[in-house]
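Worksheet for the structure shown next.
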Amino acid sequence: MQGRWRRVLLALACAGVTSVAGTAPAQEAAPDSGLTQPIIRYDSIHHPVRARHGMVVSQNLLASEVGRDILARGGNAVDAAVAVSFTLAVTLPRAGNLGGSGFLVAHLAESDETIALDYRSVAPLAANRAFYTGADGEINWDQLTFGPAAAAVPGTVAAMHQVWRDHGSLPWRDLLQPAHDLAANGFEIWPDLAHVLNMASEVLAFYAAGSAYRKPEGEAWVAGDRLVQKELAWSLAQVMEHGAEAFYQGELAKRIATAFAEAGGILTLEDLAAYEVKRRNPISTTYRGKRVVSIPPVSAGGVTLLQMLNMLEHFPLPDYGPGSVQGLHVLAEVMKRAAANRRSLLGDPDFVEVLTEAYI
C-alpha cells in the first residue's frame, strides 16, 4: 500500500498544528521503514507521534481523523487534504471555513513536479480606494475591516475542487460526506471552541444574530455542548452535488450574493463567477543540505521563511543548544530583518514587481 502514498505527496500550511492522526499507534514504525527513532523525554508533556503508512496533521482532531480514514480507504494525500479542509469548515469555524482562502504546495511524486496554488481571496469589482475613504480623506478602517463591505471573494472551494479534479482519486462526494454529517448531526465542542464562541458572541450578535454559533438567549457555551450547523450542512450538500460551481454560480452563490446585497455589502454574483485559482511557480532554497520548497508571493510567509533559513544557515545553531540565549538572540535578529523585508519588499505580483530571487 505504501506505493499509493508515494503517488501524491501534499504539504499544507496549517496554523497552529495541534492534532495528528496516523494509520498506526504512536511509535510503531515498521522495522524496515528506515525512520530514525524519535527523541523521547518522559518528563515532557509533548511526545512525537509515528505511524506505519500515513499521517494527517491539522488543528483539530476530528478533521485529522477524517483525513486518516480517507488514506485508510485507499485515497491519496490530495483526497485526505480536501476532506480535512472541508471538515475544518465545520469543526474549526474561526479558521477553517468555506469563506476562506489560502495556499497549497504539493509534490507529485510520479512526475517529480512541485505545484503551488494561490487561492487567496480577491476584492470585489466594486472595491476601490474611494469607496473606503471618508469625507475627511482618511481611510475608513472599520468599513475596510468589519462588516459586509469588508468581505472578499473566497477561494477555498474553488481550489479544493480543482486540486481534486486534477490529482484526486476517490469520488468527490465521499470526501465531503464526513464534513456534511458533522455539520448536520453536530459534535461535542471542546473547551477551546467554547471559549472562542463565547468571545465572538458580541460580534455575532451585531452581524449575525441568528447564527448557529450563538446559543439561545445569548447563553454561554461550555465544553460538551453540541454544535449543530444545519445551514452549513445545506451548503456542503450543494457543493457535494455540484462541485465548485455551486459556490460560485449555483443556488448557493445566489444566496451568498443576496445576503450581501441585503446587508449593504458589495460582493456580487458576478464577483463569485469571475473567481479563478492561480497557479504559481514554487520558490525554494537549501538549508544545511536539504531543499525547502514554499509558496511564492502573494504569500509573504513562504518567502520570509526561506530568507530566515538562508540567514540562520550561517550560524552554528546546534552548538548554541535549544533555548539558549545565543540561539534565541540570533533567531530574534533574523526574524527582525526578514519582517522588515516582508513589509517593504513584498506585494501582490499581479500588481507590483516582487524581486523574490533577490533575497532568497
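In this text, all values refer to a predicted model and were calculated from it rather than measured experimentally.
A donor-acceptor distance shorter than 3.5 angstrom exists from the side chain of D79 to the backbone of S169, with no hydrogens or angles considered. Judged by distance alone, the side chain of D181 and the main-chain N or O of P178 form no donor-acceptor pair under 3.5 Å. Side chain of E313 to main chain of R288: a donor-acceptor pair is present (N/O by atom type, distance under 3.5 Å, no hydrogens or angles). With hydrogens and angles disregarded, no donor-acceptor distance shorter than 3.5 Å links the side chain of R342 to the backbone of A300. Proximity of a side-chain donor or acceptor of D118 to a complementary backbone N or O of R120 within less than 3.5 Å is detected.
Follow the hydrophobic side-chain contacts under 4.5 Å out from M335 and you reach F315 in the same cluster. Connection of F146 to F206 is established within a shared hydrophobic cluster, with ILVMFWY side chains joined at heavy-atom distances below 4.5 Å, either directly or through further cluster members. By the criterion of side-chain heavy atoms lying less than 4.5 angstrom apart, applied directly or through intervening Ile, Leu, Val, Met, Phe, Trp or Tyr residues, I266 is not grouped with Y275; the two fall into different hydrophobic clusters. In this structure, Y287 is a member of the same hydrophobic cluster as M311, with clusters built from ILVMFWY side-chain heavy atoms closer than 4.5 Å. In terms of hydrophobic clustering, with Ile, Leu, Val, Met, Phe, Trp and Tyr side chains grouped at heavy-atom distances under 4.5 Å, F187 and V228 are assigned to different clusters.
Of all heavy-atom pairs spanning I115 and P282, the tightest one is C-CG, 4.1 Å. What you find for D174 and R73 is that their closest heavy atoms are OD2-NH2, 3.2 Å. Contact record, A89 with L232: O-CD2, 3.6 Å, taken as the closest heavy-atom pair. The shortest heavy-atom contact between L346 and P297 is CD2-CG, 4.1 Å. Among all heavy-atom pairs drawn from P148 and A263, the shortest one is CG-O, 3.2 Å.
Taking the charged nitrogens against the carboxylate oxygens, D166 and R279 have no contact shorter than 4.0 Å, which rules out a salt bridge. Between R280 and D350, at least one side-chain nitrogen of the basic residue sits less than 4.0 Å from a carboxylate oxygen of the acidic one, meeting the salt-bridge criterion. A salt bridge links R173 with E241: the closest approach of a Lys/Arg side-chain nitrogen to an acidic carboxylate oxygen falls below 4.0 angstrom.
Contact check for E353 versus L355: side-chain heavy atoms found under the 4.5 Å cut-off. Side-chain atoms of V330 and L312, non-hydrogen and from C-beta on, do get closer than 4.5 Å to each other. Side-chain contact between H329 and Y320: absent, with no pair of heavy atoms (C-beta onward) separated by less than 4.5 Å.
No more than 12 heavy atoms of other residues, nucleotides or ligands lie within 6.0 Å of CD in E231, so this atom counts as exposed by the packing criterion. Heavy-atom contacts from other residues, nucleotides or ligands closer than 6.0 Å to NE2 of H195 number 12 or fewer.
Among residues at least two apart or in separate chains, salt bridge (Lys or Arg N to Asp or Glu O under 4.0 Å) pairs with a member in residues 244-265 are E251-R255. A ring-ring contact (aromatic ring centres under 6.0 Å, His included) check over residues 59-91, counting only residues at least two apart or in different chains, returns the pairs F86-W172.
For the 3.5 Å distance criterion, the side chains of Y213 and Q229 qualify, holding a donor opposite an acceptor. Side-chain contact annotation: T268 with D271, donor-acceptor N/O pair under 3.5 Å present.
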